[in-house]
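As structure tokens, the structure follows; a few thoughts come after it.
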Amino acid sequence: MNSIRIRRTAIAVAAAALLPLSLAACSDSGSETKAAPTAAGATAGTGESSPAGDTMTGDEPFGPACAGVPKEGAGSFDGMAKDPVATAASNNPALSTLVAAVKQAGLVDTLNNAKDITVFAPTNEAFAKIPKADLDKVLADKAALTNILTYHVVGQRLTPQQLQNGTFETLQKGTITTAGSGESYTVNDTAKVVCGNVKTANANVYIIDTVLMPK
């Protein structure tokens with residue numbers, strides 16, 4: 001009888017000693033189980049935030065020449081987004097030669113009234129690459145000038161993603177090719193986009209460093 005009591009007492013003591021350990025183990029196991037979804041949630045959250053960031057970047061202007069765009073006023077990115085493309089370009093000092101050419105060709109209303117277009121807009125420096133005699137000759141020839149300027153316009157809004165490896169018909173009825181990725185793109189293998197994805201009321205604008213010549 002005493003032996004049985006001693007055994008029962010020993011079992012009870014062992015159970016009492018092991019019970020907290022078992023509970024602690026269960027608690028730890030539960031913590032790990034709960035932590036796993038949290039970690040997965042964090043990973044999922046990070047995964048979701050990355051595309052959102054990419055989308056945001058894709059909607060914003062990019063390129064080294066964007067730094068020269070006014071921060072406020074009609075010539076700023078916000079200001080240009082409110083005006084049709086020819087009007088918006090006229091408020092950007094870096095595009096004054098292009099604007100003068102557009103006026104000379106009588107294309108202001110054509111561009112301002114167009115719906116959802118893309119304009120590859122040469123900077124003043126781009127026009128300066130053309131010998132002055134040749135440029136003056138083109139500016140004096142309305143038909144030739146119209147031919148060149150409409151070659152810079154595509155009849156749809158192009159996103160940066162579409163420029164990665166694209167071929168597009170222009171309003172001049174010729175075609176242009178684009179290539180690149182990220183924030184680096186070229187047009188016809190010669191012109192570099194120096195400030196891209198600029199939004200106006202009716203167009204996406206990609207400012208380029210070289211005048212495109214119809215093939």
Side-chain angles (χ1 to χ4, degrees), residues 52-103 105 107-129 148-172 175-213:
D54 291 344
T55 302
M56 185 176 292
T57 301
D59 286 341
E60 296 174 352
F62 62 85
C66 292
V69 175
K71 302 299 182 185
E72 299 178 347
S76 66
F77 292 129
D78 287 340
M80 292 177 72
K82 298 174 183 177
D83 291 322
V85 64
T87 302
S90 70
N91 293 319
N92 188 326
L95 301 177
S96 59
T97 305
L98 173 63
V99 171
V102 168
K103 290 179 179 178
L107 293 174
V108 172
D109 289 341
T110 299
L111 294 179
N112 276 349
N113 293 327
K115 302 294 184 182
D116 294 328
I117 60 175
T118 294
V119 177
F120 293 93
T123 62
N124 296 342
E125 290 75 11
F127 281 99
K129 293 179 181 180
I148 292 173
L149 292 177
T150 53
Y151 183 65
H152 289 73
V153 184
V154 173
Q156 60 178 304
R157 284 185 183 258
L158 298 178
T159 66
Q161 289 74 22
Q162 289 175 286
L163 300 187
Q164 290 179 2
N165 184 21
T167 300
F168 307 100
E169 183 178 1
T170 70
L171 295 191
Q172 181 264 351
T175 58
I176 61 172
T177 59
T178 59
S181 62
E183 297 186 356
S184 178
Y185 296 92
T186 58
V187 185
N188 287 355
D189 295 324
T190 56
K192 294 181 179 180
V193 174
V194 294
C195 183
N197 205 29
V198 179
K199 305 293 179 61
T200 74
N202 68 328
N204 288 354
V205 178
Y206 293 87
I207 301 175
I208 55 178
D209 68 353
T210 303
V211 177
L212 304 174
M213 291 299 177

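These figures come from a predicted structure and were not determined experimentally.
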field: Reported CG-to-OG1 distance for the pair Leu158 and Thr118, which is rounded to 0.5 angstrom
entry: 3.5 Å
task: Tell me, with the steps shown, if Val154 and Leu171 meet side-chain contact (heavy atoms from CB on, under 4.5 Å).
output: CA-CA 6 Å; Val154 173; Leu171 295 191; over 6 Å; no
message: With heavy-atom distances below 4.5 Å as the criterion, would you say the side chains of Asn197 and Asn204 are in contact?
response: yes
task: Please test Phe127 against Leu95 for side-chain contact (heavy atoms from CB on, under 4.5 Å), starting from the C-alpha separation and ending with a verdict.
output: CA-CA 10 Å; Phe127 281 99; Leu95 301 177; over 6 Å; no
Side chain to side chain, Asn202 and Asp116, heavy atoms closer than 4.5 Å: no
task: Report yes if the side chains of Ile207 and Val193 come closer than 4.5 Å at any heavy-atom pair, otherwise no.
output: no
task: Check whether any side-chain N or O of Lys129 sits under 3.5 Å from a backbone N or O of Asp209 as a donor-acceptor pair, and report yes or no.
output: yes
Taking every non-hydrogen atom, the tightest pair across Asp189 and Thr186: CA-OG1, 4.3 Å
Any pair counted as side chain to side chain donor-acceptor pair (under 3.5 Å), so long as it reaches residues 82-102, sequence neighbours left out: Thr87-Asn112, Ser96-Asn124, Thr97-Asn124
Short side-chain to backbone donor-acceptor contact, Arg157 and Ile117, under 3.5 Å: no
query: Tell me, do Ile176 and Thr167 make a side-chain contact under 4.5 Å, heavy atoms counted?
result: no
- request: Using the ring-ring contact (aromatic ring centres under 6.0 Å, His included) rule, collect all pairs that involve residues 176-213, keeping only residues at least two apart or in two chains.
  value: Phe62-Tyr185, Phe120-Tyr206
task: Check whether any side-chain heavy atom of Thr123 sits under 4.5 Å from a side-chain heavy atom of Ile208, and report yes or no.
output: no
- prompt: Does the side-chain contact (heavy atoms from CB on, under 4.5 Å) test come out yes or no for Leu98 and Leu149, once each step is laid out?
  reply: CA-CA 9 Å; Leu98 173 63; Leu149 292 177; 3.8 Å; yes
message: As an exercise, state the distance from OG1 of Thr190 to CG of Leu212, rounded to the nearest 0.5 Å.
response: 6.0 Å
task: Give a yes or no on whether the backbone of Leu163 and the side-chain of Thr178 come within a donor-acceptor separation of less than 3.5 Å.
output: yes
query: Hey, does the side chain of His152 reach the backbone of Pro122 with a donor-acceptor pair shorter than 3.5 angstrom?
result: no
message: Give me the atom names and distance for the closest heavy-atom approach of Ala86 to Leu111.
response: CB-CB, 4.3 Å
message: Set out, in order, the CA-CA distance, both residues' side-chain angles and the distance that settles side-chain contact (heavy atoms from CB on, under 4.5 Å) for Phe168 and Gln162, then state yes or no.
response: CA-CA 10 Å; Phe168 307 100; Gln162 289 175 286; 4.3 Å; yes
- request: Could you tell me whether the side chain of Thr170 and the main chain of Thr175 form a donor-acceptor pair under 3.5 Å?
  value: no
Under 3.5 Å, which donor-acceptor pairs link side chains of residues 70-80 to any protein atom two or more places apart or in another chain?
unit_1, atom_1, unit_2, atom_2, d
Ser76, OG, Gly73, O, 2.6
Ser76, OG, Gly79, N, 3.1

message: Restricting to non-hydrogen atoms, name the atom on Ala201 and the atom on Pro84 that form the minimum distance, rounded to 0.1 Å.
response: CB-N, 3.9 Å
